[in-house]
Amino acid sequence: MADEQAAKRIAEFIEPLRVTPGSRVTLAKDFDPGYKADFVKKKDGLELLQRGVELMTEFQSRLAAQDTYGLLVVLQALDAAGKDGTIRHVMSGVNPQGVFVHSFKVPSAEEINHDYLWRYARDLPGRGEIGIFNRSHYEEVLVVRVHPENLTRQRLPKAARGRDVWKRRYRDINDWEHHLADNGFKIVKLLLNLSQEEQRIRFLRRIDLPDHNWKFSAADAHERTYWSDYQKAFSEMLTATSTEWAPWYVIPADHKWFARICASAVIANALIEIDPHYPRVSPEARKALEATKVELEAQAPKGAAPDPFAAETAAASAPPDAPQKTGKKARKKAAKAAKKARKAAKAERKERESVEQADRLAGRETEKQTLHEDEREARTADHEAGADGEAAGKGAH
Ligand code: AMP
Ligand code: MG
């Protein structure tokens with residue numbers, strides 16, 4: 001368990017951001033984009049951000065070692081709310097090997113050819129991993145709802161695009177997330193909540209600063225005309241899909257530094273709840289480790305300590321008045337044990353070689369199959385590159 005006090009502080013800090021499952025939400029009324037808790041200035045919150053990042057570093061490492069649970073972080077927001085910056089800051093302390101970010105854009109021809117959850121399921125994190133969805137399956141009840149032409153593009157059968165389509169999608173999403181949670185995949189859902197005025201200012205900044213021009217598109221500004229439609233879609237989404245197994249957190253996004261503290265605190269809290277542990281080795285594996293240790297000790301050059309860590313380990317495990325084994329007798333014993341270990345290692349090597357030989361034979365078959373699959377994938381990619389040009393954007397604008 002993380003140090004109890006820090007865990008408690010984090011849980012209390014994020015409580016006001018949590019959407020109580022079963023509650024009815026009106027985003028504009030219930031959540032203030034300018035909220036900063038008790039922090040007056042950025043520097044007041046830095047310690048908490050630092051603590052959150054440290055906790056994440058430690059817990060990610062344990063999550064990977066335990067290899068039993070995975071964590072999915074879902075980030076939703078309107079343009080310029082700070083999704084990219086949040087990802088950059090929050091993940092600053094984690095090992096990139098165990099973290100994947102997937103950004104979801106307008107679906108490709110291949111993606112639109114499947115059921116609407118297909119592409120999100122394809123990019124889920126595995127056990128021991130943290131996956132971040134920059135936009136997510138929630139676009140299917142947000143942009144697709146605000147711009148119904150996106151739904152038309154999905155070529156659904158009539159029964160699946162009736163009046164109850166959004167209700168059905170909320171149900172699908174809740175069921176899917178419940179299934180993931182039951183199978184060891186915790187889901188953290190963050191909505192970065194930006195005010196309309198702050199978005200206007202951030203867009204102007206993107207236009208006025210040449211280095212930021214690339215981030216701006218006229219379509220983003222046009223999308224502002226759908227502001228109240230999005231607020232309504234957000235409110236319904238929060239009401240229908242904040243569940244006990246995957247609750248929503250509404251992150252106040254008008255102050256970037258505060259949004260980052262909140263996001264890192266919610267993610268740290270999820271990892272604390274998973275409480276992953278480094279695995280303990282089995283007695284058999286322990287025995288094998290001991291045999292290798294003896295072998296390595298016997299290889300020590302003259303004058304070198306057979307095991308520089310021996311004193312530490314012995315001090316940690318031996319009873320305080322245990323007699324020390326030193327001198328000729330101990331060395332003789334070590335050499336005998338080393339001989340035995342070498343014999344065992346030789347037998348193991350032989351066994352491994354024969355298994356590898358069998359694998360190689362089987363592998364030739366698999367290799368042929370993989371080549372065939374690669375070829376097929378390359379053909380699909382070529383086909384998609386052609387089809388992508390035809391893919392429509394969000395709304396007709
Ligand atoms: P950005 O994240 O700014 O690079 O933009 C990605 C764009 O893809 C946004 O305009 C999203 O609204 C759009 N998008 C993401 N998912 C979907 C979806 N399922 N259907 C239609 N548009 C989407
Ligand atoms: Mg954009």
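Every number for a ligand or one of its atoms is a count from 1 in the order of the listing.
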*Asks:* Apply side chain to side chain contact (heavy atoms under 4.5 Å, CB included) to the pair Leu190 and Gln76, showing each step before the final yes or no.
*Replies:* CA-CA 6 Å; Leu190 307 176; Gln76 279 299 149; over 6 Å; no
*Asks:* State whether Arg18 and Glu244 are salt-bridged, where the test is any N-O pair (Lys NZ or Arg NE/NH1/NH2 against Asp/Glu carboxylate O) under 4.0 Å.
*Replies:*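 Result for this pair is yes, salt bridge flagged.
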*Asks:* I'd like to check whether Lys83 has a polar contact with ligand 1, where a contact means an N/O of the residue lying under 3.5 Å from an N/O of the ligand.
*Replies:* no
*Asks:* Would you mind finding which of Leu142, Val143, Leu151, Val146 brings a heavy atom closest to atom 22 (N) of ligand 1?
*Replies:* Val143
*Asks:* Strictly distance-based, threshold 3.5 Å: is any side-chain N or O of Ser23 a donor or acceptor partner for the main-chain N or O of Thr20?
*Replies:* yes
*Asks:* Can you give me the closest heavy-atom contact between Ala65 and Tyr278, atom names plus distance?
*Replies:*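 Smallest heavy-atom distance, with atoms named: CB-CD2, 3.5 Å.
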*Asks:* Have a look at ligand 1 and work out which part of Glu223, if any, has a heavy atom under 4.0 Å from it: side chain, backbone, both or neither.
*Replies:*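 No part of Glu223 comes within reach of ligand 1.
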*Asks:* Give the contacting part of Lys105 toward ligand 1: side chain, backbone, both or neither, where contact means a heavy-atom distance below 4.0 Å.
*Replies:* both
*Asks:* Counting only N and O atoms by type, is there a donor-acceptor contact under 3.5 Å from the side chain of Asp3 to the main-chain atoms of Ala6?
*Replies:* yes
*Asks:* With no hydrogens and no angle check, is any side-chain donor or acceptor of Glu297 less than 3.5 Å from a backbone partner on Asp307?
*Replies:* no
*Asks:* Report, in ascending order of atom number, the atoms of ligand 1 lying under 4.0 Å from any heavy atom of Tyr120.
*Replies:*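 In order of numbering, the contacting atoms are 19 (N).
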*Asks:* Just which atoms of ligand 1 are under 4.0 Å from any heavy atom in Arg119?
*Replies:*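 What qualifies from ligand 1 is 16 (N), 17 (C), 18 (C), 19 (N).
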*Asks:* Which of the numbered atoms in ligand 1 are under 4.0 angstrom from any heavy atom belonging to Val144?
*Replies:*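 Near Val144, the atoms of ligand 1 are 20 (N).
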*Asks:* Given Glu140, His147, Glu111, Lys215, which has its nearest heavy atom closest to atom 19 (N) of ligand 1?
*Replies:* Glu140
*Asks:* Between Arg200 and Phe203, is NZ or CZ placed under 6.0 angstrom from the six-membered ring centre and within 45° of the ring axis?
*Replies:*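 Checked: cation-pi criterion not met.
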*Asks:* Going by the closest heavy atom to atom 18 (C) of ligand 1, which one wins out of Ser217, Ser136, Pro107?
*Replies:* Pro107
*Asks:* Taking 4.0 Å as the limit for heavy-atom contacts, which would you say applies to Asp79 with ligand 1: side chain only, backbone only, both, or neither?
*Replies:*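 Near ligand 1, Asp79 shows its side chain, while the N, CA, C and O stay back.
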*Asks:* Out of all atoms in ligand 1, which are within 4.0 Å of some heavy atom of Asn150? Include the element for each.
*Replies:* 21 (C)
*Asks:* Does Arg122 come within less than 4.0 Å of Glu111, counting only side-chain N to carboxylate O?
*Replies:*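 Glu111 and Arg122: salt-bridged.
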